[in-house]
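Structure first, then comments.
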Number of protein chains: 2
Amino acid sequence: MSLLHSPPGSNAERSRAYNRGLVLGHVRRAGASGRAEIARASGLSTQAVSNIIGELVAEGWLYQAGRRKGGRGQPAATYAIDGKAGVAFGIELRPDAVLCAVIDLDGQTLHTARTAVSRAAPEHVKPLVQTLFDTALAETGTPRARVLGAGVVMPGPFGRTGVSGLSTELPGWDGIDAEALFAEALCLPVTVENDANAAAMFERVSGVATGLSSYAYLYFGTGIGLGLVSDGVLLRGAFGNAGEIGHIPAPYQGTLRPLEEIASRMALTARLRGSGEAAETVADLERLFGERHPAMMAWIEGACPALSHAIHILENIYDPEAVIIGGALPASLLEHLTRTIELPAASISNREDRTRPRLLAGTAGRMTATLGAAALVINQTLTPSLALST
Amino acid sequence: MSLLHSPPGSNAERSRAYNRGLVLGHVRRAGASGRAEIARASGLSTQAVSNIIGELVAEGWLYQAGRRKGGRGQPAATYAIDGKAGVAFGIELRPDAVLCAVIDLDGQTLHTARTAVSRAAPEHVKPLVQTLFDTALAETGTPRARVLGAGVVMPGPFGRTGVSGLSTELPGWDGIDAEALFAEALCLPVTVENDANAAAMFERVSGVATGLSSYAYLYFGTGIGLGLVSDGVLLRGAFGNAGEIGHIPAPYQGTLRPLEEIASRMALTARLRGSGEAAETVADLERLFGERHPAMMAWIEGACPALSHAIHILENIYDPEAVIIGGALPASLLEHLTRTIELPAASISNREDRTRPRLLAGTAGRMTATLGAAALVINQTLTPSLALST
DNA sequence: TTGATAACTCAATTGGTTTGACTTAATCCT
DNA sequence: AGGATTAAGTCAAACCAATTGAGTTATCAA
């Protein structure tokens, strides 16, 4: 019997925290709103919303944005989020570097930094992250109290004990409770996720998935990953390792091969190297795509049917509002892929009443996952759940 | 902008309903439990649990089961669920028949019935279901007040308006709000799902998924369906049509074909018909499998790699605790399939620390979905969520 | 027998929402 | 212009349910 302790019980305080999140989330999604409007949307009484808004204004989260015009009755005083009222700190751990970012409640990027490291062992990383955090606060002029929490992106598989055999790509982190380590180092609530999940959240907080609540996100990191968002919440699977889409078989020249051997940055770089091009950075890839390098175009030709296959599977299994592709590829290339990938016809997503494309290009670039780490925290404050750790 | 109204705000009453569900759920999963134990597991105070238990005992949901022995301190008085305290009514609508079932909180089947119909149009079905409900109550001697709700299984796609093009297999139900219709007819809260989702829930409430909270369920109906359970809750996708796994391409003799053309009852029946066997019922299939009919064995040989492929995909995308296969096939055949399907090695589910098999055989038989319809309701009362309609 | 331990209860307190009566500010209608 | 209507919002009291802290009871261990 798995002794997963059940979600926490509810009491007055937790209700308040939950309802505050509801109000903030509504204002974030719908823009400046009046009390009555929020009350109707949330099922709370106007009085409750009024109390909560009073509190949020006093604490600086909301400010009065204006008044509605037109219509009968007294015009509503509308309130909007002060984006600067809260920020989130994102950390990405890679074998050769530690990246960090700060984004605010609006999803605006306030700060990014990259530090190369020779060893990513916990004892090296911990003080480094503390320094990075202090620097980030100083540079953005953010008081510590305004930091909602920290998100951490690192290669899985994650700590749910004894996943022997599969060891992490990050030396020295096997069996380490990263969440506790960073929570202690930064004195903040910490969320740990893989790159794809984090990047998926960034799209929701400030990218192309704004307004979506159930979607699938294909992330080009080194390999290829998948983030699944359901009702605004990430699916993590039973052991926290959901989204290993790189392993699934995809068609390639008449055979089936793991998707990541066909449609990943790894595969692309290998192919370019084969034709004598060393493409280390996103800028390199952009240039090579710009000049329509034959090896690049050959990779695209192979990747598109494989991605189409993956999308077909995702759509039919998951029925998302959209599938998004993003990550460490140049924007031009992602754009090209969304135009070139042929969407399967035999799909429940192929419906007439769609208002949005089935396939979208997400944020491009090497920092997506780092920004996503911070976005995890923003999303949590705006999409409350009783299971929330904060 | 999708105006999905946000989840309802929390107040004292909703908190209580939620916490009651938490207590009931704990007792259901862990067996007879003491107040303090439940308090620790749920994060509530003993006093809160005490009050809730008092209420639940007064209302007949719980009864005192005994006292713990041994250990220091005062022995805990333990409480257990009275399975008979609540029942759920399940309805399955098919083009040629209406099935119904009653199960109790323990997941025990109290009643099943099948009525052939010539037309399954709403105006015919509604009075029929009312009669079936009354008969079921009378036969099981259940007072109306003990019925927690009704679950309805019917072919999708579901009502989220205007899914033109895709029309339901059930004539006359296009654009009908089945939930409202049955809620009004039976004066009960109603949940509508597809067959695979419902059957998946039956496994959780009384079958092989007891104690699992994240798993994937492959359902053999006419075609093949998928139910995904995540943290005890069904994933429905953005438009309520998640789980259309029958459309995904699977390997068959060197080519890729839709899974349901290879590994479904439809495919099996077609193949048997091709060799002159009319297999209409599960019993027919059982006989043919018992005598190892060549057409049956050929189907199995083709279906196994295709199912293995599907399982590979599910495991790597969802990271479930287990994959379950069940539905309208004979138990012996399902058993055989779980033994014969080769589980992919390149899977995150292929871990050393597993305590449970990766692939399990679920409940077999033609009534699985009907029982699942009822199980939906039982699961809701035992796995509380703030979003709950009740 | 006594002390430690744990489960449980009682009564008061606390936190938060709802309810209902009232005020304010705009448009509509005559 | 002026009253009716409509809607937003406030105030204070009532209400609901969880927590807190002190006290009781039952068992084991020394």
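Letters A, B, ... mirror the listed sequences (proteins, then strands); counts begin at 1. All values derive from a computational prediction rather than experimental measurement.
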Before you tell me yes or no, could you show the steps for B:T191 and B:Q380 under side-chain hydrogen bond (donor to acceptor under 3.5 Å, both in side chains), namely the whole-Å CA-CA distance, both residues' side-chain angles and the distance that decides it to 0.1 Å? CA-CA 10 Å; B:T191 314; B:Q380 278 171 8; 3.2 Å; yes
Going by modelled atom types, is there a donor-acceptor pair between the base of C:dC8 and the side chain of B:Q47 at under 3.5 Å?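 Flag unset: no donor-acceptor pair detected.
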Quick one: is [X] getting a side-chain N or O under 4.0 Å of the [N] phosphate, OP1 or OP2?
X: A:R16; N: D:dA18; value: no
X: A:T46; N: D:dG9; value: no
X: B:N19; N: D:dA18; value: yes
X: B:R68; N: D:dA26; value: no
X: B:N11; N: C:dT18; value: yes
X: B:R14; N: D:dC16; value: no
X: B:S50; N: C:dC8; value: no

Reckon A:R67 touches a base, only the sugar-phosphate, or nothing at all at heavy-atom distances under 4.0 Å?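 Answer is nothing: A:R67 stays at 4.0 Å or more from every strand.
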For this session: Map A:Q74 and A:S10 onto DNA chain D by nearest heavy atom, then report which one ends up closer to the 5' terminus.
Result: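 Nearest nucleotide further toward 5': that of A:Q74.
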Checklist entry - Which sits closer to the 5' end of DNA chain D, B:S15 or A:A36, going by the nucleotide each is nearest to? => result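 Result of the comparison: A:A36.
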For this session: Among C:dC28, C:dC8, D:dT20, find the nucleotide with the atom closest to the side chain of B:A76.
Result: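 Comparing C:dC28, C:dC8, D:dT20 against the side chain of B:A76, the answer is C:dC8.
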Exercise. Could you work out which one of D:dA8, D:dA18, D:dA17 sits closest to the side chain of B:L44?
Key: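 For B:L44, the side-chain atoms sit closest to D:dA18.
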* Asked: With no hydrogens and no angle check, do the side chains of A:N51 and A:E55 hold a donor and an acceptor under 3.5 Å apart?
  ->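 Per modelled atom types, A:N51 and A:E55 side chains form no pair under 3.5 Å.
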- [ ] Verify the distance criterion only: is there a donor paired with an acceptor across the side chains of B:T383 and B:R204 at less than 3.5 Å?
- [x]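 Yes, because at least one side-chain N or O of B:T383 sits under 3.5 Å from a partner of the opposite role on B:R204.
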Residue pairs fulfilling side-chain hydrogen bond (donor to acceptor under 3.5 Å, both in side chains) with at least one residue in residues 74-88 of chain A, sequence neighbours excluded
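For residues 74-88 of chain A: A:R35-A:Y79, A:K84-A:D104.
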